[in-house]
Amino acid sequence: MAFSAAELQKRHGLEGAPDPFPTLGGNSSPAPSSSAAKKLNNGSGAGPSTVDTSSEELFPSLGASSGPVANISKPAISAWSSKPSAVKAGSKGKNAPAPGGLGRIGTPTAGSHPFSDTFSIPAADLVQGKAAQETIQKVRDQTGAVVESSTQMRTGLKTFLIKAADQKRLVIARRMIERGLSKPVTIQVEVPITTLGTIIGPKGATLKTITDATQSKIDIPRRDTLPSYDPKETSSEAGSDDEDDEPQVPISITGPSAACADAKNRILSLISHKTSQTSTSIKTIPSSYYPFIAGPKGVKARQLEEEVGGGEVKIHVPPPAVWKALEKQAQGDGEDVDAIVKDRDLSIKVKGEKEKVNEVVANILQQYEQLNDSLRELKISIPKRQHRFLVGSAADDILDQTGCIVELPPVDDPSDQCVIRGPQPSLIPALTLVMDKANAIAVEMVDIVAVHRPNTADPLAHAKKVLRFLLRGGKLRSIADAHTGVKVFPPFASAVANTGSVVIEIVGDDKAEVGKAKDEVAQLVKSVLPAGTASVEIDNLVHSLLIGKKGSKIAQFEQANNVTTVFPPASEESSDVTLIYTGPLDSLPSEKKARDAKLKEILAAASKAIQELAKDAADIKTETLDVEKKWHRYIIGQSGTVLNALIGEDQLVNVKVGSSATNKASSGTKVDEDSVIVRGPSGEVDRVVAQIKQIVEDAKNDDIVNGYTVEFPVDKKHVAHLVGQSGATINKLRETLGVRVNFDDEPESGLKKATKKQVVHCKIIGRKEAVDEAKKRLDAQIEKLEDETTEQLTIKRSIQPALIGAGGKYAIRLEEKYGVKLSFPRDGKDGSTASANPDQVTIRGGKKGVAAAKAELLEAAAFETETRQSATFTVPTKAVAQVVGKGGATINGIKDETGAQIDIEKNGSEDGKTTVTVRGDKRAIAAAKSAVLAVVEEIGDEITDEIVIDPKYHRTLIGQGGQKLRDLIVAAGGPAEGFKQSGLVTFPKPGDDTTDVVRLRGDSKVVKKIKAELEKQVSVLKETIVVGVVVPQSQHASKIGRGGSALQDLQRKTGATVHFPGSRQYGSVGEIENQDEVADAPEGDVVKVIGTKEAVAKATESLQTFTERPARTDSRQGRSTPDYPTRTISIPTKYYHAIADQQNLIRQIRSVGGFISLPPAPPKPAAVKPSANGSGNAGTSSLAAKTARIDLSAGDDDAASPEIEGEWEIVENYQDASEGDLDWTVRAKEEDLDKAVAVLENALEKAKAATHVGLLTGLPRSAFPRIIGSKGATISRMRAETGADIQVSKDDDLITITGDETSVLQAKDSILSIVSRPGRGDRY
């Protein structure tokens, strides 16, 4: 029954069906009419016509329910109409299909729009009305995509479905919808202030790229509204444990929500390098735990950086403050130590990648918690003078050896109590080590107060003056340097203030040297008499004026007055100056009162003189400036550079800015944070004040000051070099000098263009000093470029690699030696030379350097040309194999002997010739050519021949290891060298089409002789028979003889070949022809004899001549043992074979001087075999079904399966052994008898220990070589480690393990672990 299209539409419910995704802004397509059905029924014939259902015209493909927007005017035309071209769009006035691969008049189909995407946007964020319709229409017109949408009232989301012809149009359509329909929004992104330059980019290029790509507007705050922040000043601040957070600047992004999100992501990815880095301080951990976290010499901290931080984190664990103070004291700077200690940062710093920093911090805190719970304390009193011996390397040694640390009290604490902290078991060893280190050094002390107590009423004040005098000029350090291994430690200022004593400590390894140094220090202390010191008040700002440049002024004063002047440290800003008499004491009166009076007179005159000098030196004044705080950073400069320049090298003035001025101001002076205090000589103060005012004025007019401009012309050809690669040179000037450098082309005039060289104008803008320096640097570079020249040399391409050298080392050496740049032609991607002239080499640089490099390069090229000659000749193609040799042996030997390079053409020519090219010097080329031609002459007239030989004779003709075949070739006049014999005789390989054709190729004479000899040997082999001869196993040993000597003699006399059971070739020599005659004989007694009938008969007769074998003893060649004392040992019969089969038993007894007689051997029990239904995995086959596979790889599926464990069965040993006892007789001298018996008893104990037998089967045979190892090394090691005997079967996959139950199981595990490991060739 045929249906019309309209009827089919009705049946499938398509007519009038609502559109699930109505299009925006357009009318849905009208329902199809029945006109098509009428046309189908009104055929040309009277009867009903058959409907062609394959017609695309009658049954077009069903696409989406709505087509592209077309405001179609009436009458409505059915989409099923046969003439769609009649439909015309009313609004657009055109009917062309939209781009994007649409079908008929743009109707989309599954084939034309295979790509689709669905996404949702909140309806409240979308524009409505005409704007939305225009956007959708624009999307359709530009991309040809079908856009459908629906709104979910419950969620408030509007879902869009887009279909497009390809992925690119799909992405564009979605972007246009998201950007065109979304309402404009504004979002803010906070970024660090130092990243603004990265976001903006050079001249705003980066910011413009982001705004163009996202179609959004990005607003960055103006510079004058940004918070003041100088990262370098922040980082240079010392003594602060808190890190100043970098200010965050809000950036506004305006546009559609999707565009704003895209712009935000682009900005964050651009500055990810900044935001991903962080640093933090750990302040919750007491400093006493720092050495545990850092480890000896920081080992644990570095390990934490690598393992947890992944090399992206740096950890700084500061040493305890007391360590630093004691180290500073060792340098003789005792007065400055306390200030340094107070300002130390005692927190752990962790810096690096943010996530890694968090992981490291968490790890450190976890370590602290564990240490806090596990560590214990031991308190001990150690004299204060010995504390310095417990820091630094000594503390590292204590921590490394005992895991403990010594916590010392602060240097300003008079207490001498120390704490040893560490694990409880290590505290006592740590105490011993601490005391050893503390007492290992000799210590002597000089108490200055005690020395001068009888001479003055205030010995402490005088002692302080003496100490300052000793520290001035390094007098204590000089004494220490004069004595080997001695150090002199002055006291801490805090210790002097706390204890009221001034004690100098002298320490060292040599007690005698320490004593000498002490005497010198004491003598120096005594030389400074109380009456010989005086104090003078002189303003501290005048001190530097009095001292003069390099101390010249004060030196003249001291020499004229016989005194030494001791000024206080500049950091104290003290006015107290001490004068100490240092003249000759012999010139003074001997009486104390008269001497003191004379000293006072001298010092009074010196005090008056220095005060006069100070008055004449300068007129000190103080001036306070009111400068707004925001301009202070310009006065200070980067890292204090500007302030240092203002003060000058002599530091005659003192400038305090802002908060420092507030702290230092006297009580009567009113200052605030805007104050700048300048104090010093009036002239210097006036100079500094004027400069500060000028700096502030310049800062206020920064744009004017930084606008200093210098312009000068530059030859255009130098611009690229001045700018540098990617602007590197110019950027360096900008960073170091803070200037802007621009190159502008000169306006061209028609008249001067032909006469003037091309120049550009270089403009440098910035501060005058920086601009002048930048111009100076550019002028120097231009001068260097003006001297630059370029030379081009012609050097053959073939020798250029030799001039360049491996990795360019020769070329680089030339460039560094002469300061030039060498350019050699490069190869293109296709292997051809990219340069037009491959022989052209360019040298660029200074004229002198270019000339010298050119001369050396041409000289090297001439040498290479001489030593790199070549010659070409031809050889017969058939001789190439012999010239090359096996594995290249022949050709490589010629190369080594002659030193020439030989290249042989891979494909010979049609005339049977192959080209050989030889390179080197003339002598090497001649020698190599002669050697190659000599090899060709040896080959002679080569022919190829074949001979048919039955495959069963191949193995015999080849011989073991190919020896018989090699001997045959030599006998036929062929070469004796193995590599030359290769290819002369080729036997067929498994898989060849013909298995009986042997090919001969080589010299005709040799080939004919080889063929004749092969035919002769084959004829002999055809007459060969295989006969079985019954020889009892007890006679096999005598027939074989020691080392096979008897067997070889038999074969030589008879001409037959004899194979005993168990030999390697026993099973491969063929079947026995007299099988019926030996059928009843045991299989182990049948010996195979191969040869002609006569030879077999002779061999059989000899084999069947039996000799009775004597009972087994340890006597050799029938010699009787001496008449020694004997001892009989009764041993259970079941252990007989276990003892008798032990290796070297008889040799061991003989080694101790004994002999043994074995009892008659009982029947040997049957070998233990695994049961058919053993304890292995269920469903596995028996041993008989598991044939030995040599082709089963350890990497096969079976080998990799859980069945790799194999089948395992363990049984008790000696179950079927004979009962009863046997007597074993041992003979030896009286003194050796016990030793010999002990050897036998030891063998018995080994047999008794072998209580179990383990049977392991089912393992792949390919794993057996790994179990055995190279020359049995692996199996021998397992035997030694486990104590069990391991035997690997040659015929099947059975492994037998004998020993006690524990050793048997241990050996089994060892074997399975070896098998489970992947083989050498396995890949995973």
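In this chain, numbering begins with 1 at the start of the sequence shown. Keep in mind that what you see is a predicted model, and the values were worked out from it rather than measured.
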> Does Arg1001 use its side chain to pair, donor to acceptor, with the backbone of Val985 at less than 3.5 Å?
Replying inline: no
> Roughly how far apart are Arg1266 CZ and Ile1275 CD1, rounded to 0.5 Å?
Replying inline: 14.0 Å
>> Are the side chains of Gln869 and Ile925 in contact, using a 4.5 Å heavy-atom criterion?
In response: yes
> Do any pairs count as a salt bridge (charged side-chain N to carboxylate O under 4.0 Å, His left out) and have a residue in residues 916-925, sequence neighbours left out, and if so which ones?
Replying inline: Asp903-Arg919
> Is there a side-chain contact between Ile1286 and Ile1311, using heavy atoms and a 4.5 Å cut-off?
Replying inline: yes
> Quick one: are Leu1021 and Lys952 in side-chain contact, heavy atoms under 4.5 Å?
Replying inline: no
>> Looking at Ser1102 and Lys1098, would you say the former's side chain and the latter's main chain have a donor-acceptor pair under 3.5 Å?
In response: no
>> Could you measure the distance from the CG atom of Leu1255 to the CG atom of Leu1294? Nearest 0.5 Å is fine.
In response: 6.0 Å
>> Can you confirm whether Glu1013 sits close enough to Lys1009 that some side-chain heavy atom of one is under 4.5 Å from a side-chain heavy atom of the other?
In response: no
>> Can you tell me how far apart CD1 (Ile1295) and CG (Leu1256) are? Round to the nearest 0.5 Å.
In response: 5.0 Å
> Do Gln1017 and Leu968 have side chains that get closer than 4.5 Å, going by heavy atoms?
Replying inline: yes
> How many angstroms lie between atom CD1 of Ile904 and atom CD1 of Ile891, to the nearest 0.5 angstrom?
Replying inline: 4.0 Å
> Looking only at heavy atoms, which two atoms of Ala861 and Ile795 are closest? And how far apart?
Replying inline: CB-CG2, 4.1 Å
> Hey, are the side chains of Trp1208 and Ile1297 touching, using non-hydrogen atoms and a 4.5 Å cut-off?
Replying inline: yes
> Is the closest side-chain heavy-atom distance between Val936 and Pro876 below 4.5 Å?
Replying inline: yes
> Can you find a heavy atom in the side chain of Lys1039 that is under 4.5 Å from one in the side chain of Leu1050?
Replying inline: no
> ring-ring contact (aromatic ring centres under 6.0 Å, His included) with His1059: which residues, sequence neighbours excluded?
Replying inline: none
> Looking only at atom types and distance, does a side-chain atom of Glu1073 sit under 3.5 Å from a main-chain N or O of Ile1025, one as donor and one as acceptor?
Replying inline: no
>> Quick check: closest heavy atoms across Leu1158 and Ala1140, and the distance to 0.1 Å?
In response: CD2-CB, 4.2 Å
>> Testing the basics here: between Tyr953 and Val1018, what is the closest heavy-atom pair and its distance to 0.1 Å?
In response: CD1-CG1, 4.2 Å
>> Applying salt bridge (charged side-chain N to carboxylate O under 4.0 Å, His left out) as the test, list every pair that has at least one member in residues 956-972; sequence neighbours left out.
In response: none
> Counting distance only, does the side-chain N/O of Asn892 pair as donor-acceptor with the main-chain N or O of Gly888 below 3.5 Å?
Replying inline: yes
>> Tell me every residue that passes side-chain hydrogen bond (donor to acceptor under 3.5 Å, both in side chains) with Glu864, counting only those two or more places apart in sequence or in another chain.
In response: Arg868
> Are any side-chain N or O atoms of Thr1282 and backbone N or O atoms of Met1278, one a donor and one an acceptor, separated by less than 3.5 Å?
Replying inline: yes
>> Once side chain to side chain contact (heavy atoms under 4.5 Å, CB included) is applied, do any residues pair with Val1006, and if so which ones, sequence neighbours excluded?
In response: Asp1003, Ile1010
>> Just to verify, what does Ser1310 make a side-chain hydrogen bond (donor to acceptor under 3.5 Å, both in side chains) with, not counting sequence neighbours?
In response: none
> Where is the tightest heavy-atom contact between Leu803 and Tyr810, given as atom of each residue plus distance?
Replying inline: O-CB, 3.2 Å
> Step by step, would you call Thr914 with Thr877 a side-chain hydrogen bond (donor to acceptor under 3.5 Å, both in side chains)?
Replying inline: CA-CA 5 Å; Thr914 299; Thr877 303; 2.9 Å; yes
> Which pair of non-hydrogen atoms, one from Ala1099 and one from Thr1054, has the smallest distance, and what is that distance?
Replying inline: N-CG2, 3.8 Å
Contacts under 3.5 angstrom, residues 1078-1094 side chains, donor-acceptor by atom type, not counting sequence neighbours:
{"residue": "Asp1085", "atom": "OD1", "partner": "Gln1033", "partner atom": "N", "Å": "3.1"}
{"residue": "Lys1088", "atom": "NZ", "partner": "Tyr1066", "partner atom": "O", "Å": "2.9"}
{"residue": "Lys1088", "atom": "NZ", "partner": "Gly1070", "partner atom": "O", "Å": "3.1"}
{"residue": "Thr1092", "atom": "OG1", "partner": "Ala1095", "partner atom": "N", "Å": "3.3"}

>> I'd like to know whether NZ of Lys895 has more than 12 heavy-atom contacts from other residues, nucleotides or ligands below 6.0 angstrom.
In response: yes
>> Once side chain to side chain contact (heavy atoms under 4.5 Å, CB included) is applied, do any residues pair with Thr890, and if so which ones, sequence neighbours excluded?
In response: Ile894, Val935, Phe979
>> Working to the nearest 0.5 angstrom, can you tell me the gap between Leu1000 CG and Thr944 OG1?
In response: 9.0 Å
> Under 6.0 Å from the CZ atom of Phe873, do we count more than 12 heavy atoms belonging to anything else shown?
Replying inline: yes
>> Can you pull out every salt bridge (charged side-chain N to carboxylate O under 4.0 Å, His left out) where at least one residue sits in residues 1016-1027? Sequence neighbours excluded, please.
In response: none
> Where is the tightest heavy-atom contact between Glu1015 and Ile947, given as atom of each residue plus distance?
Replying inline: CG-CD1, 3.2 Å
> Hey, is CG on Asp896 packed in by over 12 heavy atoms from elsewhere, all under 6.0 Å?
Replying inline: yes
> Quick check: are there more than 12 heavy atoms from other residues, nucleotides or ligands sitting under 6.0 Å from CD of Glu1071?
Replying inline: no
> Pairs in or reaching into residues 1000-1054: which pass ring-ring contact (aromatic ring centres under 6.0 Å, His included), with residues at least two apart or in two chains?
Replying inline: His1036-Phe1060
>> Quick one, Asp1049 with Gln1051, criterion side-chain hydrogen bond (donor to acceptor under 3.5 Å, both in side chains). Give me CA distance, side-chain angles, the key distance, then yes/no.
In response: CA-CA 6 Å; Asp1049 186 59; Gln1051 293 181 140; over 6 Å; no
>> Checking Val1058 against Leu1047 for the side chain to side chain contact (heavy atoms under 4.5 Å, CB included) test, could you report, in this order, the C-alpha distance in whole Å, the side-chain angles of both residues, the deciding distance, and whether it holds?
In response: CA-CA 8 Å; Val1058 182; Leu1047 177 60; 3.6 Å; yes
> CG of Leu1145 to CZ of Arg1150: how many Å apart, nearest 0.5 Å?
Replying inline: 12.5 Å
>> One thing to verify: whether Asp1293 and Arg1261 come together as a salt bridge, which I'm taking to mean a side-chain N less than 4.0 angstrom from a carboxylate O.
In response: no
> By side-chain hydrogen bond (donor to acceptor under 3.5 Å, both in side chains), which residues pair with Glu905, not counting sequence neighbours?
Replying inline: Thr915
> Does any N or O in the side chain of Gln800 come within less than 3.5 Å of the main-chain N or O of Pro838, such that one atom is a donor and the other an acceptor?
Replying inline: yes
>> I need the full list of salt bridge (charged side-chain N to carboxylate O under 4.0 Å, His left out) pairs touching residues 991-1000, with sequence neighbours left out, sorted by first then second residue.
In response: Glu946-Arg999
